[in-house]
Number of protein chains: 2
Amino acid sequence: MGRAQQDAVSSGSHKYLAVRDYLTNLVVRELKVGDAIPSERTLTERFGVSRMTVRQAVAALVTEGVLERVQGRGTFVAPQRMDFELRLTTFGEEMQRRGMEPTTTVLASQTVAATPEVATELEIAPGDDVHFLYRVRSADGAPMCIEQVWVPVALVPPLFDDGPPASVYEALRAHGQAPVWGEQTLAAADATDAEASLLGLGRSRAVLRARRRTFSDTGPCMYSHASYRSDRYSVWVPLRAPGPAIVPRGRSARRDPHDTSAPVAGAHDGTTTEV
Amino acid sequence: MGRAQQDAVSSGSHKYLAVRDYLTNLVVRELKVGDAIPSERTLTERFGVSRMTVRQAVAALVTEGVLERVQGRGTFVAPQRMDFELRLTTFGEEMQRRGMEPTTTVLASQTVAATPEVATELEIAPGDDVHFLYRVRSADGAPMCIEQVWVPVALVPPLFDDGPPASVYEALRAHGQAPVWGEQTLAAADATDAEASLLGLGRSRAVLRARRRTFSDTGPCMYSHASYRSDRYSVWVPLRAPGPAIVPRGRSARRDPHDTSAPVAGAHDGTTTEV
DNA sequence: CGCACAGAGTGGTCTAGACCTCATCATCGT
DNA sequence: ACGATGATGAGGTCTAGACCACTCTGTGCG
C-alpha cells in the first residue's frame, strides 16, 4: 500500500502535516482504540522524511490525546477519554451522541439591548443590540434545560434572518464566527418558579446553572445562561495533575504577548469561592 | 551568569530535563507574565546542548501552558489562565490561594468496609477495609462544604496513624501515592436535612455535589463525595474547541495499551444526561 | 519629518544519522 | 517442560548543522 501521501488532506507545504493528516485519517477510518499505528521508522520510509519529522507529527496527536506512546511497544490509538471532556458542543449534538431525540421550544427570539452583565461578558457597550434567544430544550420529549443566548448584532447582523436557528453554534460557524473555545462557570441553585414550571420540576428544586462565554478567533461571540434539571444532568470534568504549580512571580505591565486578547472580565476563577 | 546548569533540580540524566528545570525556576523565581525567556539559541550555548534539545524542553512547558511561543518574537511566560483550571488541589490550598483561612471539623475518622459504590470506584472488592474521613470544611469560619473521603487501607495502611491528616492529598504524597490526575462529576442536588444543618443553609437548599476519583501512578487511590454551598461555590471550566473530533472507528477487544487501567465504572460521560 | 527597506534576531521546519532503554518473543540450554 | 538469553524492533534522547517565515528596529532616502 504505497503512496500514503495521497491521503493527506491539508498537508499544505509542511511535511509533518502530511504525516499528521495521514495518521488522523488512519485513526478515523481504519483503526480501533488500542490498535498500533505504523512504527516511526516505517513512517519515515513511507513518507521519505526524517524521524524527527515523524516524531513531530506523532507528538502533535499525542498532545491532542489521540495517540499514546509506550516505550518499547509502539504508539497506539488512545482510549476516548478526551472525547468525554467538556466540549463546545451543541445541545443537539450532545443529545444525538447519546441517542436521544433533541427538541426545542422557542420562548423568545428577538433583538434586545445588552444588559450590563451581558455587555461585560461580550465586551461590548451596555445598550448595544444583541440577538436574544430563549428556549426550552428537551430530550426524548422531557424538558432538560432552559437556555438564554446572547450574540452581538454587530458581530453577525443576519444571524436570525432565517428565524431562530436550530443550533446557534452552527449558525455562527456559517457566518464566519466559528466557536473556538469557551469558558463556563457551573453552580447549583434553587430554581425560580418560572424555571420549575418550564422544567416540570416536582419536589426537587435544585438546578445546575451554567454561564458560558464562547469565543471565536476575534473575541467573545456568544454568552449564555442555562439551567439544567439536576436529576437528569451532570457534568464530568477531568482534573489535571496538581504538580508544584508553576506560577510566575507576578504580572508584568503588558498583559500578554499577543495583544489581541482582552482581559477576562468578572470573577471567574478556578474552583471558586464566590462569597 | 554562567553555569546555569547548577539550577537544575531533578535534571536526572536527561539534558532536556536540566533545561526544563532551569526554565521552570526562572518562571517561578524571576519572570513575570509576559516576560520573555532566553532565546533558544542562547539556551543552546548556555547549556551546551543542541537546539532540538532546547526545543524539547520548551515544548514541554508550552504543552503545560506555562510558556507561549510567538514566531519572530520569542517565547514568553503565558498568562495564568491555566492556573485557574480545575486542579487536583487540596481544600486548604484552594482557600489559601484566595486568601481565606481554611478550617476543618472532623466528624468521623475510622476504618470501614467498602460499600459497593466505593469498592467499584476504587477498584477493590466490596467489604475491603478503607480509611474513611468525614469532615466539614470552612473558610474564614463559615461552612463551605461537607466532605467524605475513602482510601483503600491496602494501598496505604498507615495513612491515619498520626490521626486524620489535615490534607489527604499531602498524606498520600508522603506515602508514595501522589495524586496524578482525577475525574469529577458535578451535579446539583437538594441538600439533605443533615447537610442543611451542617452547612447552616437557610432558605436555599441547593448544593453542588462533586464525586471525585483521584488516581496515583498505580490506579485509583481515593474516592470522595463533597457537597458545596451553592451560594459560595462555583466551578470554572474551560471548554475545548469542538473541532472535527478525531474519533477512532470503534473499540478493539483489548482495552488499552497499558493494562494497568481498568474500565471506567458507572455512567461517567461528558456533559452527561443521566436519565 | 516620515516612510521604506535592510539586517538582525526570533521561532518553525527539517535532515541523517547516533546510541540508549525497554518490551517481546523465539530459541537454546538445563 | 521450563527458565534464561539474546535478537529484534519499538520509542527516548541527542547532535550539528541547514534554510524558512516572521517581527522588530534602525538607518537612510525622499
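We name chains A, B, ... by the order of the sequence lines, and we start the count at 1 in each one.
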Enquirer: Would you say Pro38(A) and Leu26(A) make side-chain contact, with heavy atoms under 4.5 Å?
Expert: yes
Enquirer: In whole angstroms, how far is the P atom of dA16(D) from the CG atom of Leu43(B)?
Expert: 16 Å
Enquirer: Is any side-chain N of the basic residue among Glu68(A) and Arg73(A) closer than 4.0 Å to the acidic one's carboxylate O?
Expert: no
Enquirer: List the steps, then state whether side chain to side chain contact (heavy atoms under 4.5 Å, CB included) holds for Leu122(B) with Leu155(B).
Expert: CA-CA 11 Å; Leu122(B) 290 174; Leu155(B) 204 63; over 6 Å; no
Enquirer: Using whole Å, what does the distance between atom C1' of nucleotide dC14(C) and atom CZ of Phe47(A) come to?
Expert: 16 Å
Enquirer: For the pair made of CD in Gln56(A) and P in dT15(C), what is the distance, rounded to whole Å?
Expert: 10 Å
Enquirer: Any side-chain N or O of Arg55(B) less than 4.0 Å from the OP1 or OP2 oxygen of dG12(C)?
Expert: yes
Enquirer: Measure the distance from CG on Leu17(B) to P on dT13(D) and round it to the nearest whole Å.
Expert: 8 Å
Enquirer: What is the distance, to the nearest angstrom, from the CZ atom on Arg20(B) to the P atom on dC14(D)?
Expert: 12 Å
Enquirer: Ignoring backbone atoms, test whether Arg73(B) places a side-chain nitrogen or oxygen under 4.0 Å from the OP1 or OP2 oxygen of dC22(D).
Expert: no
Enquirer: Answer yes or no: does a side-chain N or O of Thr75(B) lie under 4.0 Å from OP1 or OP2 of dG11(C)?
Expert: yes
Enquirer: Rounded to whole angstroms, how far apart are CE on Met52(B) and C1' on dT13(D)?
Expert: 11 Å
Enquirer: Need to verify one output field. Residue with the more 5' nearest nucleotide on DNA chain D, Arg41(B) or Val49(B)?
Expert: Val49(B)
Enquirer: Can you find a donor-acceptor pair, distance only, under 3.5 Å between Arg51(A) side chain and dG12(D) base?
Expert: yes
Enquirer: Can you classify the ring geometry of Phe215(A) versus Trp181(A) as parallel (below 30°), tilted (30 to 60°) or perpendicular (above 60°)?
Expert: parallel
Enquirer: Rounded to the Å, how far apart are Gln71(B) CD and dG11(C) P?
Expert: 10 Å
Enquirer: Starting at atom NE2 of His14(B), determine the distance to atom P of dT15(D), rounded to an integer number of angstrom.
Expert: 13 Å
Enquirer: Looking only at side-chain atoms of Lys15(A), point me to the closest of dT15(C), dA23(C), dC14(D).
Expert: dT15(C)
Enquirer: Main chain of Glu121(A), side chain of Arg213(A): is a donor-acceptor contact present, judged purely on distance under 3.5 Å?
Expert: yes
Enquirer: Strictly below 4.0 Å: does Ser39(B) bring a side-chain N or O up to OP1 or OP2 of dT10(C)?
Expert: yes
Enquirer: Give a yes/no on whether any side-chain N or O of Thr53(A) is located under 4.0 angstrom from OP1 or OP2 of dT15(C).
Expert: yes
